[in-house]
S.K.: 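Below is the structure I would like to discuss, written out as structure tokens.
For reference, positions follow the sequence shown, starting with 1.
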Amino acid sequence: LLLRLVNHYRDTVCYVPLSTLDPSLDKHVQDIYATPKIHKMKIENDGRRTQQEQILTYRDCFHRGDHLSRRTYLQGEPGSGKTTFASKLVDDWCNMHEPSTESTKEQTAFSDVETLHEFKFLFFISLRDSREQTHVTHMIQTQLIYKIYAADEWESANNLVLNIMRNVMYLVVQDGLDEWAGKEALPSMDGIPKDHCILLTTSRPWKLADERIKNSQIDILMEVYGVIDSEGFSERILRHLLDEIKDLNKTLKKFQNFLESRNLESISSSPMLHTLVLCTWVDDMAEGLTGSSRCELFTTLLENLCKKANPQMSYFDQYYPSPVNCFSRTKYVKPNMEHIDAIAKAAFSFLFSNEKETSLVFSDINLSAHVSESTKQFALESGLISKRKSKRCYDKTSSFVHKTVQEFLAALHISNNTHVIDDIISEYLKSDSDSYLVISQVFIFLCGFNILAANKLSALTNQVNDVRDVFYHFYLQSLTLLHYHFGFQSVILSGYREAVANKNTPIDLHLSRFDQHLCTEHSTGSNFMGFQSKQTCNNTFTRRVDLSLSGT
């Protein structure tokens, strides 16, 4: 049984998809694995989960002091690395019991693989593949015994497994609790002796927020926040994407520069998103493109998340046209468009709320006020929204999987409902001197979705900034004002680039004050990226102009 399990895992579990774009393109977990950033979570008396020390050993995953803990949970947002960590653990366990040429390579964290030797057997269960089953032993039967034994051996093999469960220490890895459709909160372990059974369960936080899962049922809770070394992770992925003739170091540097130029450094918290962006960027390079549209990148992400919740395919056509150009080639967006529109409206409502403390993290009650139960379930299953336990036992907190995803969806809502620029955004811009920076990513996405709406928003923002100039008159030479105007200039330039990347016209973005040095970094002429200067008036730090950023 041990040999059969090891061989089965080495053919299946130990291989992971390189990217959600193409699940068939898989690699051995050792080849692309990067050390995850995992922290232990403390469950407070009031139910809150607070981050504690970082975990770097298998021992800390399963031990409290000198004793093995029976139930360990690893939670994390979609694409944060839960399944990859579980696959690496399985691979390390295989190599402890049956060393191979693919044995564990030198690593600085989770190198105490001898800890896994405590588990004489390991049973890996993908809960996504046992959605209709309720008992762990039945899952082991269908996912393992039926695949590694001939039909006439099933009964004896099943009895062997039950005998093992009664007599030796073993580990059950349950991957993807949030993808299990059982009516109960957890798969049943009824009838299984608990003395020798250790459970490791991976899940998204929203599933562990289920009030039916008692705090007393969680011995150790951990959370994964992506990888520790994002650049090293990029290098591992690039090794498998590039031709041997390509200069790896040079390409890696170009990709890091690309992330910085697009303000995408924070994607390291999601290896899935990181790999998605990297694969898209490499594909664009292969096609001779100089860069990629942010709207297209996040449309690709949306496509993959929709596929997870509803694999139904359908294309936009003349009878059901795409709401924005970058959706026109998608196949999983159209069947879910009703849900997406509702979630986009909620994203906008929270982001532009006067209650800033709830703009990014909001209660489950508030979320239900914006979307139906079916849409909320779609958002959770797709991974667009995550839910966690809050301090108050009767409510839970929710948030979008990434702030940029919320901004992407908010921009989609504005694109399809341009009246909100006058009705809501105009008042929002007047409420805070830094509001233009708060909505900067929304504006950039809007330049890719709907340039006419973006032109209108830039004119409105420019007008609000000009009104503030009167207030700042006596502080014109202060660093605060410089930061104020230069930050807005950077937003306008990024929006221009996004509009060009999406071939949107007419580009008529407005900017009343600019830093000439920033322009001359890219151009020494008087015409910079379509800027046409109509009127100038020098002062110490800035040049006063009336600018119209055109697509010329």
S.K.: Counting C-beta onward and ignoring hydrogens, is there a side-chain heavy-atom pair between Arg497 and Leu493 closer than 4.5 Å?
M.R.: yes
S.K.: Carefully, step by step, assess Ile38 and Phe85 under the rule side-chain contact (heavy atoms from CB on, under 4.5 Å).
M.R.: CA-CA 10 Å; Ile38 298 178; Phe85 176 78; 3.8 Å; yes
S.K.: Can you establish whether the number of heavy atoms outside Glu53 located under 6.0 Å from its atom CD is more than 12?
M.R.: yes
S.K.: Test side-chain contact (heavy atoms from CB on, under 4.5 Å) on Thr330 and Thr299; report intermediate values, then the result.
M.R.: CA-CA 8 Å; Thr330 61; Thr299 296; 3.6 Å; yes
S.K.: Rounded to the nearest 0.5 Å, what separates atom CG in Leu409 from atom OG in Ser415?
M.R.: 12.0 Å
S.K.: Could you please spell out the steps behind the side-chain hydrogen bond (donor to acceptor under 3.5 Å, both in side chains) verdict for Asp175 and Thr83?
M.R.: CA-CA 7 Å; Asp175 183 45; Thr83 297; 3.0 Å; yes
S.K.: Could you state the interatomic distance from OG (Ser386) to CG (Asp178), rounded to the nearest 0.5 Å?
M.R.: 9.5 Å
S.K.: Gln256 and Ser234: which non-hydrogen atoms are nearest, and at how many Å?
M.R.: OE1-OG, 3.7 Å
S.K.: Any carboxylate oxygen within less than 4.0 angstrom of a Lys/Arg side-chain nitrogen, looking at Arg70 and Asp219?
M.R.: no
S.K.: Contact between Glu235 and Leu248 at the side-chain level, heavy atoms closer than 4.5 Å - yes or no?
M.R.: yes
S.K.: Hey, are Asp91 and Arg10 close enough for a salt bridge, meaning a charged N less than 4.0 Å from a carboxylate O?
M.R.: no
S.K.: Heavy-atom count check: over 12 atoms from other residues, nucleotides or ligands less than 6.0 Å from Lys345 NZ?
M.R.: no
S.K.: Where the side chain of Thr84 meets the backbone of Gly81, is there a donor-acceptor pair that is under 3.5 Å apart?
M.R.: no
S.K.: Can Asp66 and Arg59 be said to form a salt bridge (Lys or Arg N to Asp or Glu O under 4.0 Å), step by step?
M.R.: CA-CA 10 Å; Asp66 295 328; Arg59 179 176 179 79; 3.8 Å; yes
S.K.: So, do Phe445 and Ile414 sit near enough that their side-chain heavy atoms are less than 4.5 Å apart?
M.R.: no
S.K.: Is it true that a side-chain atom of Asp60 and a backbone atom of Leu56 form a donor plus acceptor pair closer than 3.5 Å?
M.R.: no
S.K.: What's the separation between atom SG in Cys61 and atom CG in Leu89, rounded to the nearest 0.5 Å?
M.R.: 7.5 Å
S.K.: Quick check: does any side chain N or O of His240 sit under 3.5 Å from a backbone N or O of Ile32, one acting as donor and the other as acceptor?
M.R.: no
S.K.: Enter the distance from Asp112:CG to Thr57:OG1 here, rounded to the nearest 0.5 Å.
M.R.: 5.0 Å
S.K.: Assess whether atom NZ of Lys376 is packed by more than 12 heavy atoms of other residues, nucleotides or ligands within 6.0 Å.
M.R.: yes
S.K.: Can you confirm whether the side chains of Glu44 and Thr50 place a donor and an acceptor under 3.5 Å from each other?
M.R.: yes
S.K.: With a 6.0 Å cut-off on ring centres, are Phe124 and His8 close enough?
M.R.: no
S.K.: With a 4.5 Å cut-off on side-chain heavy atoms, are Glu381 and Asn310 touching?
M.R.: no
S.K.: For Gln143 and Ser130, test the side chains for any donor-to-acceptor distance below 3.5 angstrom and give the result as yes or no.
M.R.: yes
S.K.: Scan side-chain atoms only and decide if Asn502 and Ser293 contain a donor-acceptor pair under the 3.5 Å cut-off.
M.R.: yes
S.K.: What are the two closest heavy atoms between Leu238 and Val282, and how far apart are they?
M.R.: CD2-CG2, 3.8 Å
S.K.: If only atom types and distance count, is the side chain of Arg71 paired as donor or acceptor with the main-chain N or O of Ser216 below 3.5 Å?
M.R.: yes
S.K.: Please test Ile55 against His39 for side-chain contact (heavy atoms from CB on, under 4.5 Å), starting from the C-alpha separation and ending with a verdict.
M.R.: CA-CA 5 Å; Ile55 290 179; His39 282 264; over 6 Å; no
S.K.: Quick check for you: to the nearest 0.5 Å, what is the distance between Arg239 atom CZ and Lys27 atom NZ?
M.R.: 13.0 Å
S.K.: Does the pair Leu171 and Phe123 meet the rule for a side-chain contact (heavy atoms from CB on, under 4.5 Å), with working shown?
M.R.: CA-CA 6 Å; Leu171 173 66; Phe123 301 105; over 6 Å; no
S.K.: Under the rule for side-chain contact (heavy atoms from CB on, under 4.5 Å), what residues qualify as partners of Met96, not counting sequence neighbours?
M.R.: Val113, Glu114, His117
S.K.: Is the distance between the ring centroids of Phe350 and Phe400 under 6.0 Å?
M.R.: no
S.K.: side-chain hydrogen bond (donor to acceptor under 3.5 Å, both in side chains), that's the test. Do Tyr225 and Gln51 meet it? Break it down for me.
M.R.: CA-CA 11 Å; Tyr225 298 91; Gln51 186 184 108; 3.1 Å; yes
S.K.: Give me the ring orientation class for Phe327 and Phe408: parallel if the planes are under 30° apart, tilted from 30 to 60°, perpendicular past 60°.
M.R.: tilted
S.K.: Examine the side chains of Thr202 and Gln75 and answer whether a donor and an acceptor come within less than 3.5 Å of each other.
M.R.: no
S.K.: To the nearest 0.5 Å, what is the distance between CD1 on Ile218 and OG1 on Thr72?
M.R.: 10.5 Å
S.K.: Over 60° means perpendicular and under 30° means parallel, so tell me whether Trp93 and His97 are parallel, tilted or perpendicular.
M.R.: tilted
S.K.: Just say parallel, tilted or perpendicular for the rings of Phe110 and Tyr58, cut-offs at 30° and 60°.
M.R.: tilted
S.K.: Taking the side chain as C-beta and beyond, is there a heavy-atom pair between Met41 and Ile220 under 4.5 Å?
M.R.: no
S.K.: Do the side-chain N and O atoms of Thr375 and Gln377 include a donor-acceptor pair separated by under 3.5 angstrom?
M.R.: no
S.K.: Would you check if the distance from the ring center of Phe233 to the ring center of His274 is below 6.0 Å?
M.R.: yes
S.K.: Only counting residues at least two apart or in another chain, list the ones meeting side-chain contact (heavy atoms from CB on, under 4.5 Å) with Asp229.
M.R.: Glu231
S.K.: Other residues, nucleotides and ligands only: do more than 12 of their heavy atoms fall within 6.0 Å of CE on Met169?
M.R.: yes
S.K.: Output all residues satisfying salt bridge (Lys or Arg N to Asp or Glu O under 4.0 Å) with Asp341, sequence neighbours left out; order by chain, then residue number.
M.R.: none
